[in-house]
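Lettering of chains follows the sequences in order, A, B, ..., and the numbering in each one begins at 1.
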Number of protein chains: 2
Amino acid sequence: MGPMHTILVIEDERDLAELIAFNLEKEGYRPLIALDGLVGLEAARKNPPDLILLDLMLPGMAGTEICKILKGNEKTASIPIIMLTAKGEEIDRVVGFEVGADDYMVKPFSTRELMLRVKALLRRTQPEQPRKRIFAVGPITIDTERHLVCVGDKEVMLTTIEYKLLLDLAERAGRVQSRDVLLQNVWGYNYVGDSRTVDTHVTRLRTKLGAAGDLIRTVRGFGYKIEEEPQNE
Amino acid sequence: MGPMHTILVIEDERDLAELIAFNLEKEGYRPLIALDGLVGLEAARKNPPDLILLDLMLPGMAGTEICKILKGNEKTASIPIIMLTAKGEEIDRVVGFEVGADDYMVKPFSTRELMLRVKALLRRTQPEQPRKRIFAVGPITIDTERHLVCVGDKEVMLTTIEYKLLLDLAERAGRVQSRDVLLQNVWGYNYVGDSRTVDTHVTRLRTKLGAAGDLIRTVRGFGYKIEEEPQNE
DNA sequence: CCGTTCTGTTACAGTGTCGTTACCGTAAGG
DNA sequence: CCTTACGGTAACGACACTGTAACAGAACGG
């Protein structure tokens, strides 16, 4: 789970804007709505989002103008923009050099397709940050590329949650993490559930890790941590 | 992804040049800008780029002249050139013997299409580099030159998508790839569709590969990978 | 030493993900 | 124009996974 992406929706039709925002939220993004072109432009400048959905026809200022301004300013030029156009509008210009949008959707469009394009564009423009690939904690090694967890030289099969949980602990080896933090990192920001659920998965993880499971320590009243050094009992 | 390609943009309209450079950079190239014909020619000679985008109408020296000179010199003759022309300009001559450009774009053009042409031309003129020709994963061999896939010594007939899918998995053998990544690599960066489609083709691929199909592993919640080592069950 | 609070463990039912098949639209090839 | 192979989507079933609850045990405080 990457960091949450902020997406600015500049669209004057309130219903449409809210529908889009609703879907964005469902996909795990943080949507902001601007019903007016100028407001949107201001918002984008003041607090640059990760992506902008921009209506072509807007009161106050045309979408093409906003796009040009944003693409012309160094600070905002790298924000990817998807134009929302009505059929028959000047699509060539929009994605051409004159306006410089990165992609477009013709109304009416399916929200599903819009979500897919958002995802694709974000991936395309935000190339994976150089994240660490291999974690080692005592005899435990986690290869994130191969999605392989070993204790010593023996592979251990983990479920999705066990894997994420172990990875999250290993990323902050030595430091205690509360159940709530773990719930956020492993289960997702909007997950609602019993924090005791963590306990269950810690147990399962310890079991699968065998002797190395002891490296996962309970910090009574606070949460869990994984030892960074092999422990001398 | 190969080594980064250097692309020289010879174009006197600063805005256009910078927009193109911006997009080139976004696509992973290293753009250089020359706002003047002579400067551009000098740059190309001194430090030959992998491709040149050349405006037809230039101060100092016409684009056609630059092109002729470059194509006439042995050292620079093999650099592919895309001419940027205004409508109605002498396109026939440009790509004909007389000037010798490899491709052209008529202004105004979409940056997206320009990027596609750059990519295509680079692929065409820089025939597969030290790219690996034959992949072997366990009993599976993929000969990319002959477009031949074998399991053991028996040929397997694959469709386009199955072939690309297998190749993509084999190129990153051992490493997990998400459905989204596979969709991008196999289906194309702007393809929009259900990511469950991947499942279907994985199934078809497994079937055709017979016993060796087991080498393609499902990583629940993450995607697929192909085992790099023959597995000891 | 006892009570309370927190944690470990297990069982179980619900859920989500994946494998598979079928179907239909479409592109390819004759 | 017809045939055929191919590819995307939907549907369904199977099963691994997961959340919750319940109980047992440990740690802590007085």
Problem set entry | Heavy-atom check, side chain of A/Q184 versus side chain of A/D180, under 4.5 Å | no
Problem set entry | Sugar-phosphate, base or nothing in reach of A/Y163, heavy atoms under 4.0 Å | nothing
Seminar exercise, completed: Between CG of B/D199 and C1' of C/dT17 the distance, given in whole Å, is 9 Å
For this session: For the pair A/K71 and A/D102, find out whether any cationic side-chain nitrogen is under 4.0 Å from an anionic carboxylate oxygen.
Result: yes
Problem set entry | Distance, rounded to the nearest Å, where B/L182 contributes CG and D/dG7 contributes C1' | 16 Å
Exercise. Is it true that B/D199 and B/R179 make a salt bridge, defined as a side-chain N closer than 4.0 Å to a carboxylate O?
Worked result: yes
For this session: Pick base, sugar-phosphate or nothing for A/T203, based on heavy-atom distances below 4.0 Å to the nucleic acid.
Result: base
Exercise. Is it the case that more than 12 heavy atoms not belonging to B/E155 sit under 6.0 Å from its CD atom?
Worked result: yes
Report all interatomic pairs (protein N or O, nucleotide N or O of nucleotides 14-21 of chain D) with separations under 3.5 Å.
from	atom 1	to	atom 2	distance (Å)
D/dT18	OP1	A/I161	N	3.0
D/dT18	OP2	A/T159	OG1	2.5
D/dG19	OP1	A/W187	NE1	2.5
D/dG19	OP2	A/W187	NE1	3.4
D/dG19	OP2	A/H201	NE2	2.6
D/dG19	O6	A/R204	NH2	2.7
D/dT20	OP2	A/D194	N	3.2
D/dT20	OP2	A/T197	OG1	2.9

Problem set entry | Flag side-chain contact, heavy atom, 4.5 Å: A/R117 against A/F109 | no
Problem set entry | Distance below 4.0 Å between A/Y224 side-chain N/O and C/dC6 OP1 or OP2 | no
Exercise. Side chains of A/L51 and A/L121: does their closest heavy-atom pair fall under 4.5 Å?
Worked result: yes
Exercise. Nearest-Å distance, CG (B/L183) to P (D/dG7)?
Worked result: 14 Å
Exercise. Taking NZ, NE, NH1 and NH2 as the nitrogens, is one of them in A/E162 or A/R204 under 4.0 Å from a carboxylate oxygen of the other?
Worked result: no
Write out a two-atom table: protein N or O, nucleotide N or O from nucleotides 27-29 of chain C, distance below 3.5 Å.
none

Exercise. Do A/T218 and A/Y224 have side-chain heavy atoms sitting under 4.5 Å apart?
Worked result: yes
Exercise. Of A/R206 and B/F222, whose nearest nucleotide on DNA chain C comes first from the 5' end?
Worked result: A/R206
Exercise. Where do B/P139 and B/A212 come nearest, in terms of heavy atoms and distance?
Worked result: CG-CB, 3.9 Å
Exercise. Quick one: is C/dC18 close enough that its OP1 or OP2 comes under 4.0 Å of any side-chain N or O from B/R179?
Worked result: yes
For this session: Would you mind reading off the bend of the helix from C/dC1-D/dG30 to C/dG30-D/dC1 from its two end axes, five pairs each, to 10 degrees?
Result: 40°
